[in-house]
Amino acid sequence: MEEYLMVEAPGQGEIVEKKSRFIANVFPVQNEEEALIYIEEIKKKYWDARHHCYAYAIGKNNEIQRFSDDGEPQGTAGKPILEVLTKGNIHNTLIVVTRYFGGTLLGTGGLVRAYGQSAKAGIENAKVIRVCDGVSFQLNCDYNSIGKIKYIMAQMNIMAEEEYGADVALHINMRKQDFELFKNQVTDATGGKAVFGEIQSIAYKENIEK
């Protein structure tokens with residue numbers, strides 16, 4: 001899997017261009033049905049607006065791509081919104097840009113810039129995460145080893161769910177590319193006492209620092 005970005009929580013951005021308001025609403029979507037539902041919700045929320053232009057890209061490889069100019073000149077709205085997603089390598093995401101006309105025509109170039117900038121503003125205000133190849137497994141260790149393991153985890157920014165019983169069980173999801181280094185460090189630090197359970201492949205999600 002190649003790394004890509006996706007929106008995990010909605011966001012909203014707005015710009016004003018020659019008195020026209022461009023309000024971008026951004027949503028995470030897993031399929032076209034979800035996207036269409038959000039689009040209808042936006043149309044109802046901003047019922048008095050002139051245009052509701054949108055674009056969405058869905059799938060690991062953005063297999064599904066759709067956009068709409070919703071009455072704006074062809075190529076001036078939906079396509080620049082879609083390009084924010086495709087050029088940013090952002091997947092499973094819908095952007096709807098609502099325009100309240102301000103009375104001044106912007107021209108094709110002005111519209112392209114305004115829809116693109118408002119879409120970017122919406123993405124900047126949404127929670128965006130990175131998705132990459134990951135692994136999931138359980139790590140068991142004794143109480144004497146847990147401090148050493150947690151130190152290694154802190155150094156590598158690895159999180160875990162912890163269970164304490166006769167020994168300590170750590171349920172870990174992490175980046176696949178870091179696994180061998182982590183395993184080697186834990187094995188060395190514990191003298192081979194830590195036991196790694198079955199390794200499962202997952203799509204690993206991590207936050208992006210802004």
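The residues of the chain are indexed from 1 along the displayed sequence. Please read all numbers here as calculations on a predicted model, not as lab measurements.
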Practice task
Output, in order, the C-alpha distance, side-chain angles, deciding distance and verdict of side chain to side chain contact (heavy atoms under 4.5 Å, CB included) for Lys44 and Ile42.
Solution key: CA-CA 5 Å; Lys44 291 178 181 177; Ile42 291 299; over 6 Å; no
Exercise for the section: Looking only at non-hydrogen atoms, find the nearest pair between Ala55 and Ile81 and report the distance. Expected result: CB-CG2, 3.7 Å
Handout entry: Whether over 12 other heavy atoms sit under 6.0 Å from Gln74 CD
Key = no
Practice task
Could you give me the CA-CA distance, side-chain angles and deciding distance for His91 and Leu5, then say whether side chain to side chain contact (heavy atoms under 4.5 Å, CB included) is met?
Solution key: CA-CA 6 Å; His91 299 222; Leu5 306 180; over 6 Å; no
Practice task
Report, as yes or no, whether the 6.0 Å neighbourhood of atom CZ on Phe101 holds more than 12 heavy atoms from other residues, nucleotides or ligands.
Solution key: yes
Completion exercise
To the nearest 0.5 Å, atom CZ of Arg21 lies from atom CZ of Arg50 at 15.0 Å
Handout entry: Heavy-atom side-chain contact between Leu94 and Tyr54 under 4.5 Å
Key = yes
Practice task
Would you kindly confirm whether Val128 and Ile58 end up in one hydrophobic cluster when ILVMFWY residues are joined by side chain heavy atoms under 4.5 Å apart?
Solution key: no
Problem - side chain to side chain contact (heavy atoms under 4.5 Å, CB included) evaluation trace for Met153 with Met174 - result: CA-CA 10 Å; Met153 291 172 60; Met174 63 179 293; over 6 Å; no
Problem - Value rounded to 0.5 Å, distance of CD in Gln185 from CD1 in Ile152 - result: 5.5 Å
Handout entry: Min side-chain heavy-atom separation Val195-Leu139 under 4.5 Å
Key = no
Fill in the blank from the handout: Here the gap from Glu14 atom CD to Asn125 atom CG, rounded to the nearest 0.5 Å, amounts to 11.0 Å
Problem - Closest contact, heavy atoms only, Ala126 versus Ala9 - result: CB-O, 3.5 Å
Handout entry: Worked check of side chain to side chain donor-acceptor pair (under 3.5 Å) between Tyr204 and Glu206
Key = CA-CA 7 Å; Tyr204 179 68; Glu206 61 181 358; 4.7 Å; no
Exercise for the section: Check whether any side-chain heavy atom of Val26 lies under 4.5 Å from a side-chain heavy atom of Pro10, and answer yes or no. Expected result: no
Problem - same_hphob_cluster(Ile158, Ile199) at 4.5 Å side-chain heavy-atom cutoff - result: yes
Practice task
Evaluate side chain to side chain contact (heavy atoms under 4.5 Å, CB included) for His52 paired with Ile39, printing each intermediate quantity in order.
Solution key: CA-CA 8 Å; His52 303 284; Ile39 292 166; 5.8 Å; no
Problem - Verdict with reasoning, Ser145 to Asp142, per side chain to side chain donor-acceptor pair (under 3.5 Å) - result: CA-CA 6 Å; Ser145 301; Asp142 57 33; 2.8 Å; yes
Exercise for the section: Could you tell me if the ring centre of Phe137 sits under 6.0 Å from that of Phe179? Expected result: yes
Exercise for the section: Taking all heavy atoms of Leu85 and all of Ile123, pick out the closest pair and write down the distance. Expected result: CD2-CD1, 4.3 Å
Practice task
Dump the intermediate steps for side chain to side chain donor-acceptor pair (under 3.5 Å) on Gln12 and Asn25, then the final yes or no.
Solution key: CA-CA 5 Å; Gln12 185 183 89; Asn25 282 277; 3.0 Å; yes
Exercise for the section: For Met159, look at atom CE and say whether over 12 heavy atoms of other residues, nucleotides or ligands are found less than 6.0 Å away. Expected result: no
Handout entry: Side-chain touch Met6/Ile129, heavy atoms, less than 4.5 angstrom
Key = yes
Exercise for the section: Run the salt-bridge test on Glu17 and Arg113 with the 4.0 Å N-O cut-off and return the result as yes or no. Expected result: no
Problem - Heavy-atom pair with the smallest gap, counting every atom of Gly78 and Asp69 - result: N-OD1, 2.8 Å
Practice task
Could you tell me whether the side chain of His171 and the main chain of Ala160 form a donor-acceptor pair under 3.5 Å?
Solution key: no
Practice task
For the pair Asn61 (side chain) and Glu63 (backbone), establish whether a donor and an acceptor sit closer than 3.5 Å, ignoring hydrogens and angles.
Solution key: no
Problem - Shortest non-hydrogen contact between Ala49 and Arg99, atoms and distance - result: CB-O, 3.6 Å
Practice task
Hey, could you give me the CG/CG distance between Asp167 and Asn144, rounded to the nearest 0.5 Å?
Solution key: 12.0 Å
Completion exercise
In terms of heavy-atom contacts, Ile15 and Ala114 come closest through CD1-O, 3.4 Å
Practice task
Could you tell me the separation between the NZ atom of Lys87 and the CG atom of Leu82, rounded to the nearest 0.5 Å?
Solution key: 10.5 Å
Practice task
Please confirm whether Lys183 makes a cation-pi placement over Phe196, using NZ or CZ under 6.0 Å from the six-membered ring centre and within 45° of the ring normal.
Solution key: yes
Practice task
Using atom types as modelled and distance alone, determine if a side-chain donor or acceptor of Thr76 lies under 3.5 Å from a backbone N or O of Pro73.
Solution key: yes
Handout entry: Hydrophobic cluster identity match, Val97 and Val84, side-chain contacts under 4.5 Å
Key = yes
Exercise for the section: Measure the shortest side-chain to side-chain distance between Cys132 and Lys176 over non-hydrogen atoms and say whether it is less than 4.5 angstrom. Expected result: no
Handout entry: Any side-chain heavy-atom pair of Asn92 and Val7 under 4.5 Å
Key = no
Practice task
Specify whether Phe22 and Tyr115 have parallel, tilted or perpendicular ring planes, treating 30° as the upper limit for parallel and 60° as the lower limit for perpendicular.
Solution key: perpendicular
Practice task
Any chance you could measure Glu32, atom CD, to Ile64, atom CD1, to the nearest 0.5 Å?
Solution key: 4.5 Å
Practice task
List the steps, then state whether side chain to side chain donor-acceptor pair (under 3.5 Å) holds for Tyr100 with Asp48.
Solution key: CA-CA 8 Å; Tyr100 283 92; Asp48 55 341; 2.7 Å; yes
Practice task
Could you check if a side-chain atom of Ile146 sits within less than 4.5 angstrom of a side-chain atom of Leu170, using non-hydrogen atoms only?
Solution key: yes
Handout entry: SB check Lys205 Glu8 (cutoff 4.0 Å)
Key = no
Exercise for the section: Quick one: do Glu40 and Lys45 satisfy salt bridge (charged side-chain N to carboxylate O under 4.0 Å, His left out)? Show the steps, please. Expected result: CA-CA 9 Å; Glu40 288 304 312; Lys45 180 177 180 180; over 6 Å; no
Practice task
Indicate if Val186 and Met156 have the same hydrophobic cluster label, given that clusters are the connected sets of ILVMFWY residues with side-chain heavy-atom separations under 4.5 angstrom.
Solution key: yes
Practice task
Answer yes or no: is there a donor N or O on one side and an acceptor on the other, between the side chain of Gln65 and the main chain of Asn62, under 3.5 Å?
Solution key: yes
Exercise for the section: Evaluate the side-chain proximity of Tyr56 to Ile95: yes if any heavy-atom separation is below 4.5 Å, no if none is. Expected result: no
Exercise for the section: Indicate, with yes or no, if Val112 and Phe67 share a hydrophobic cluster defined by side-chain heavy-atom contacts under 4.5 Å among Ile, Leu, Val, Met, Phe, Trp and Tyr. Expected result: no
